[in-house]
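The structure appears right after this line, and notes come after that.
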Amino acid sequence: GAVVSQHPSWVICKSGTSVKIECRSLDFQATTMFWYRQFPKQSLMLMATSNEGSKATYEQGVEKDKFLINHASLTLSTLTVTSAHPEDSSFYICSARDLGGLRNDEQYFGPGTRLTVT
Amino acid sequence: AQSVTQLGSHVSVSEGALVLLRCNYSSSVPPYLFWYVQYPNQGLQLLLKYTSAATLVKGINGFEAEFKKSETSFHLTKPSAHMSDAAEYFCAVSLHLSGGYNKLIFGAGTRLAVHP
């Protein structure tokens, strides 16, 4: 159990276009989802915390108008990279917290989405 | 404030040798600590977690970690390395926020190489 999926797994887009990444909890409900960014050979950096039905909380230095997050249901959060530029190329990973789990500290991670902006 | 320091960005061991990946934490409250493994181009998989129960925690794939409060450490070990253990390993501490949810603070990661 506790499976999180991401779609797409990889995407290539042209500079100036927007890209949407989906994060789904497949077998549990997640009131909270997290979006991370990972540059090559580096650690995960939390971008924002997404709560179902409310606005996302962004980490310092993350542009909320560029990285739009929507958490419309208990099983789906989306990250839209608007007007993408080559420097936005990265590996984006989401995680979800299991609302019904015994331990509410555990996060389940998606497989990641590799974004390349040309 | 919580933080995590992983000593050694790269560790190389021989197949069959002991694996030791170091993690030290800083926390003003009793921490929840985690070890995750990441294979290339994949997400993170939980190896084990410490949540204030037994100080010696056993995880998947033969890994274990011991919480030592006096040393503020949570080192990851495995008695005998396999080639399949080659991956990136992240230590993380859970930061509790208002509203009842947490966020994870990750260490910089340690790349484990296993050679024949």
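The sequence lines fix the lettering, A, B, ..., with proteins before strands; numbering per chain opens at 1.
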* Asked: Which bit of B/F106 comes within less than 4.5 Å of chain A, counting heavy atoms only: side chain, backbone, both or neither?
  -> both
* A/L79, A/L76: one ILVMFWY side-chain cluster at the under-4.5 Å cut-off? -> no
* Hey, quick one: are A/V19 and A/L68 part of the same hydrophobic cluster, counting side-chain heavy atoms closer than 4.5 Å, chains of contacts allowed? -> no
* Asked: Heavy-atom count around B/R22 CZ within 6.0 Å, excluding the residue itself: above 12?
  -> no
* Structure fact -> When the 4.5 angstrom heavy-atom criterion is applied to B/L44 and chain A, the contacting part is both
* Do the side chains of B/Q45 and A/F109 get nearer than 4.5 Å, heavy atoms only? -> no
* Structure fact -> In terms of heavy-atom contacts, A/F91 and B/Q38 come closest through CE2-NE2, 3.8 Å
* Given that the side chain runs from C-beta out, which part of A/L46 has a heavy atom under 4.5 Å from chain B: side chain, backbone, both or neither? -> side chain
* Asked: Looking at A/S43 and B/G107, what are the two nearest heavy atoms and their distance?
  -> OG-O, 2.5 Å
* Asked: Measuring from A/F34:CZ to B/L104:CG, what's the distance to the nearest 0.5 Å?
  -> 7.0 Å
* **Cluster overlap A/M33 with A/I21, hydrophobic side-chain contacts below 4.5 Å** => no
* More than 12 foreign heavy atoms under 6.0 Å from NE2 of A/H7: is that the case here? -> no
* To do: Look at atom NZ of A/K66 and say whether more than 12 heavy atoms of other residues, nucleotides or ligands are closer to it than 6.0 Å.
  => yes
* Asked: Is B/E88 close to A/K41 at the side-chain level, that is, under 4.5 Å between some pair of heavy atoms?
  -> no
* Structure fact -> Applying a strict 4.5 Å limit to non-hydrogen atoms, the region of A/Q38 in contact with chain B is side chain
* Among the clusters formed by ILVMFWY side chains lying less than 4.5 Å apart, do B/L56 and B/Y32 turn up in the same one? -> no
